[in-house]
Each structure stands twice: as C-alpha cells, then as structure tokens.
Amino acid sequence: DSRLKIDLNTERKCFLHTKPGFEGLGIHIACDKKTRCSPYIYEVESNSPGLKAGLRKNDYILKINDEDVVFLDFNLLISRIQSLIKEDNL
C-alpha cells in the first residue's frame with residue numbers, strides 16, 4: 001500500500017524566514033517516487049533558516065501557509081516554495 005501514513009498527533013507548525021547571505025531555506029525536499037506527492041525533508045543544512053525554524057530530517061510537509069500540499073505535484077510544490085521564498089512569506 002503506497003498510501004501516506006502520517007501521525008497527526010506529532011504535527012507541528014514551523015515559521016520560515018529567509019536569512020541574509022543564505023540562499024534558500026537550507027532544506028532538501030524529496031517525494032514519493034511513484035506518486036510524485038507526499039513531500040518530505042531529507043536533509044536540513046546546519047545554520048540554515050530551516051534548522052532555525054525547527055525542521056528536521058524526515059519531516060513531512062503537510063501544509064504551506066495553511067494550504068494542503070500533501071498531494072500537490074512535486075514540481076508545483078517546488079515552484080510554490082520558490083515563489084514564497086522571493087516574497088519571504090513562508
């Protein structure tokens with residue numbers, strides 16, 4: 001069964017802000033290879049906005065700015081994140 005199983009009891013909200021002199025958020029995102037959905041963080045860089053926000057390796061990305069993104073196509077997700085980084089609105 002390739003259905004996503006997430007323990008919502010461990011769900012938490014993180015607030016990200018860009019950091020002067022740091023390109024991006026310092027997180028590396030992957031998804032389920034078969035469905036191209038269910039995004040998760042496979043690496044958090046040290047001294048990054050992602051680390052400061054409390055993101056951790058293997059965290060699933062459930063929502064961005066209250067928008068459900070679990071089943072959003074991976075390419076659309078990345079485009080959405082990049083757009084929000086430019087606006088510093090994550």
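Keep in mind it's a predicted model, so treat the numbers as computed, not measured. Here, residue 1 is the first one in the sequence, and each next residue gets the next number. Keep in mind that the numbers below use all heavy atoms, side chains included, and drop hydrogens, waters and symmetry copies.
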Partners passing side chain to side chain donor-acceptor pair (under 3.5 Å) against N75 (at least two apart in sequence or in another chain): R36
Verify same cluster id: F71, L62 (apolar side-chain graph, 4.5 Å): yes
Same cluster (ILVMFWY, side-chain, under 4.5 Å), F22 and L16: no
N65: side-chain contact (heavy atoms from CB on, under 4.5 Å) partners, not counting sequence neighbours: L84, N89
K33: side-chain contact (heavy atoms from CB on, under 4.5 Å) partners, not counting sequence neighbours: none
Sequence neighbours excluded, every pair satisfying salt bridge (charged side-chain N to carboxylate O under 4.0 Å, His left out) that has a member inside residues 74-86: E67-R80
Do you know which two heavy atoms are closest between [X] and [Y], and how far apart they sit?
X   : Y   : value
V69 : P39 : O-CD, 3.8 Å
D59 : G54 : OD2-O, 4.2 Å
L55 : R12 : CA-NH2, 4.1 Å
F15 : A53 : O-CB, 3.2 Å
P49 : G24 : CG-O, 4.0 Å

In Å and rounded to the nearest 0.5 Å, what is the [atom1] to [atom2] distance from [X] to [Y]?
X   : Y   : atom1 : atom2 : result
C31 : D73 : SG    : CG    : 8.0 Å
L72 : S38 : CG    : OG    : 11.0 Å
Y40 : I29 : OH    : CD1   : 11.0 Å
L25 : H17 : CG    : NE2   : 11.0 Å
I41 : Y60 : CD1   : OH    : 11.5 Å
C14 : I64 : SG    : CD1   : 12.0 Å

Pairwise side chain to side chain donor-acceptor pair (under 3.5 Å) hits with a residue in residues 18-29, at least two apart: T18-D88, K19-N47, H28-E45
D68: salt bridge (charged side-chain N to carboxylate O under 4.0 Å, His left out) partners, not counting sequence neighbours: none
